[in-house]
Amino acid sequence: MVNSRVKVLFSRKEEQLVEVYSLLPCTRFDLVGVPAITIEQVEDYYGVDQVFSNLNSYDHLVFTSQYAVTNTMMHLGRLGLSPLALQHLTTYCVGPMVSEQLKKFNLTNQLMPREYTIAALTELFPLAKRNKSSVLFPVGKSTLGILEKNLTRKGYHVVTPIVYKTEYNKRLAITIGEIEQQGPIDCIAFTSPASVAAFANALKDYNKPSVDYRAVMCAIGPRTHKACTDLGWTVQIVPREYTVQNMARAIARYFQINPKLHG
């Protein structure tokens with residue numbers, strides 16, 4: 001029973017799980033990467049170009065998504081601008097995964113909250129000063145708008161160019177069904193609220209319970225946890241620090257403590 005294998009499904013592409021493989025060794029765990037969402041380009045560049053052509057009018061820069069970082073750099077490149085065009089801005093990142101993405105473009109963030117949440121990120125901002133109150137916050141089309149509301153209350157002017165959009169993986173339910181045919185899924189690791197919504201959408205579209213609800217569910221952080229509980233799904237694992245690596249560590253710990261639940 002203790003040596004039974006554990007199948008873990010992550011809501012990301014397998015190539016995004018490189019650092020997870022060493023934390024969930026193949027001697028015990030079977031890892032499957034299934035992207036729940038796809039990142040698409042926005043159709044209209046006009047609004048984005050208007051914003052990025054006036055970078056000197058902003059004081060602060062906020063990133064809450066790796067995709068926002070990569071797509072911001074793509075749009076800058078289209079305009080013939082280097083990532084270094086952003087270096088005069090005070091830069092905030094919601095967590096280490098976003099910060100690491102920024103480093104790939106030779107940029108660093110000045111501020112990051114200890115708790116990797118939007119609420120904690122908002123707390124890093126003091127009340128706005130008149131001459132330092134403009135915030136550039138590149139977002140995806142489905143971003144909820146919580147940060148903008150919080151910063152507006154503090155006196156900031158927040159500009160949110162939509163630099164990418166997310167779409168549900170239309171083959172998601174089929175893919176999960178194919179995986180389950182090879183044996184039950186023991187753990188589902190959700191890496192964003194959008195991935196939770198994508199799973200729920202896939203089940204609704206195909207009108208069948210493709211996900212085995214006996215599976216242990218892991219959420220990367222509080223917003224993802226809430227997205228699960230809003231659907232009535234019970235979450236057993238939430239890591240103390242909200243990164244994919246810490247998700248893997250928490251999953252390994254859980255199945256070490258609870259080996260008899262599966263197998």
Side-chain angles (χ1 to χ4, degrees), residues 11-12 16 19-20 23 55 58-73 83 86-129 132-140 142-164 166 189-197 218-230 235 237-251 253:
S11 62
R12 287 198 171 183
Q16 294 177 306
E19 296 179 357
V20 170
L23 300 171
L55 291 175
Y58 301 99
D59 308 299
H60 309 275
L61 174 64
V62 177
F63 286 115
T64 59
S65 159
Q66 299 175 75
Y67 303 123
V69 174
T70 54
N71 282 278
T72 292
M73 302 310 164
L86 301 171
Q87 65 182 353
H88 69 286
L89 302 172
T90 301
T91 304
Y92 302 71
C93 287
V94 74
M97 295 174 65
V98 180
S99 179
E100 287 300 314
Q101 193 68 32
L102 204 57
K103 289 178 182 177
K104 294 178 182 179
F105 298 95
N106 297 316
L107 293 172
T108 57
N109 62 289
Q110 285 83 23
L111 294 163
M112 181 170 66
R114 291 184 179 180
E115 185 179 352
Y116 310 138
T117 65
I118 296 298
L121 182 62
T122 304
E123 290 301 314
L124 295 178
F125 283 82
L127 292 177
K129 298 178 180 178
K132 292 287 182 180
S133 63
S134 187
V135 179
L136 176 59
F137 178 31
V139 297
S142 60
T143 302
L144 296 176
I146 298 171
L147 183 76
E148 301 97 292
K149 292 178 183 177
N150 292 343
L151 292 182
T152 299
R153 290 192 192 103
K154 287 191 167 188
Y156 290 92
H157 172 60
V158 184
V159 177
T160 54
I162 297 173
V163 295
Y164 69 96
T166 57
F190 292 110
T191 56
S192 69
S195 66
V196 176
C218 177
I220 195 169
R223 289 194 302 139
T224 306
H225 179 277
K226 184 178 185 302
C228 289
T229 56
D230 284 349
V235 176
I237 306 171
V238 181
R240 291 182 180 178
E241 295 188 7
Y242 314 138
T243 66
V244 172
Q245 293 92 328
N246 282 307
M247 286 182 82
R249 294 186 182 98
I251 291 168
R253 237 178 351 257

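FYI, the numbering just counts along the sequence from 1. Computed from a prediction, not measured in an experiment: that's the story for all the values here.
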Indicate yes or no: at least one non-hydrogen side-chain atom of [X] is less than 4.5 angstrom from one of [Y].
| X | Y | result |
| --- | --- | --- |
| Leu136 | Pro161 | yes |
| Pro222 | Lys226 | no |
| Met73 | Thr70 | no |
| Thr108 | Thr91 | no |
| Phe63 | Thr72 | yes |
| Glu100 | Met97 | no |
| Thr64 | Val98 | no |

For [X], which residues count as a side chain to side chain contact (heavy atoms under 4.5 Å, CB included) partner, sequence neighbours excluded?
| X | value |
| --- | --- |
| Thr166 | Ile37, Ile39, Ser142, Tyr164 |
| Ser134 | Tyr58, Asp59, His157 |
| Leu23 | Gln245, Ala248, Arg249 |
| Leu151 | Thr122, Phe125, Val135, Leu147, Tyr156, Val158 |

Next item on the list: Determine the sole option in Leu89, Leu107, Leu102, Thr90 for which the side-chain contact (heavy atoms from CB on, under 4.5 Å) test with Leu61 is passed.
Entry: Leu89
Check: For Gln110, does the CD atom sit with more than 12 other heavy atoms under 6.0 Å from it, leaving out its own atoms?
Finding: yes
Identify the heavy atoms of [X] and [Y] that sit nearest to each other, and give their distance.
| X | Y | value |
| --- | --- | --- |
| Cys228 | Val196 | SG-CG2, 3.7 Å |
| Ser133 | Ala128 | CB-CB, 3.9 Å |
| Pro138 | Ala68 | O-CB, 3.6 Å |
| Pro113 | Leu124 | N-CD1, 3.6 Å |
| Ala120 | Glu115 | CB-O, 3.1 Å |
| Met112 | Cys93 | CG-O, 3.3 Å |

Note to self: Could you walk me through whether Ile162 and Val139 satisfy the side-chain contact (heavy atoms from CB on, under 4.5 Å) test, starting with their C-alpha distance in whole Å, then the side-chain angles of each, then the deciding distance to 0.1 Å, before giving a yes or no?
What the structure shows: CA-CA 5 Å; Ile162 297 173; Val139 297; 4.2 Å; yes
Distance, nearest 0.5 Å, that separates [atom1] of [X] from [atom2] of [Y]:
| X | Y | atom1 | atom2 | value |
| --- | --- | --- | --- | --- |
| Asn246 | Ile251 | CG | CD1 | 11.0 Å |
| Ile220 | Phe190 | CD1 | CZ | 12.5 Å |
| Asn71 | Gln66 | CG | CD | 11.5 Å |
| Arg253 | Ile237 | CZ | CD1 | 9.0 Å |
| Leu111 | Glu123 | CG | CD | 13.0 Å |

Item checked: For Tyr116, all residues meeting ring-ring contact (aromatic ring centres under 6.0 Å, His included), sequence neighbours excluded -> none
Check: ring-ring contact (aromatic ring centres under 6.0 Å, His included) with Tyr242: which residues, sequence neighbours excluded?
Finding: none
Next item on the list: Mark yes or no for whether Thr160, through its side chain, and Phe137, through its backbone, hold a donor-acceptor pair below 3.5 Å.
Entry: no
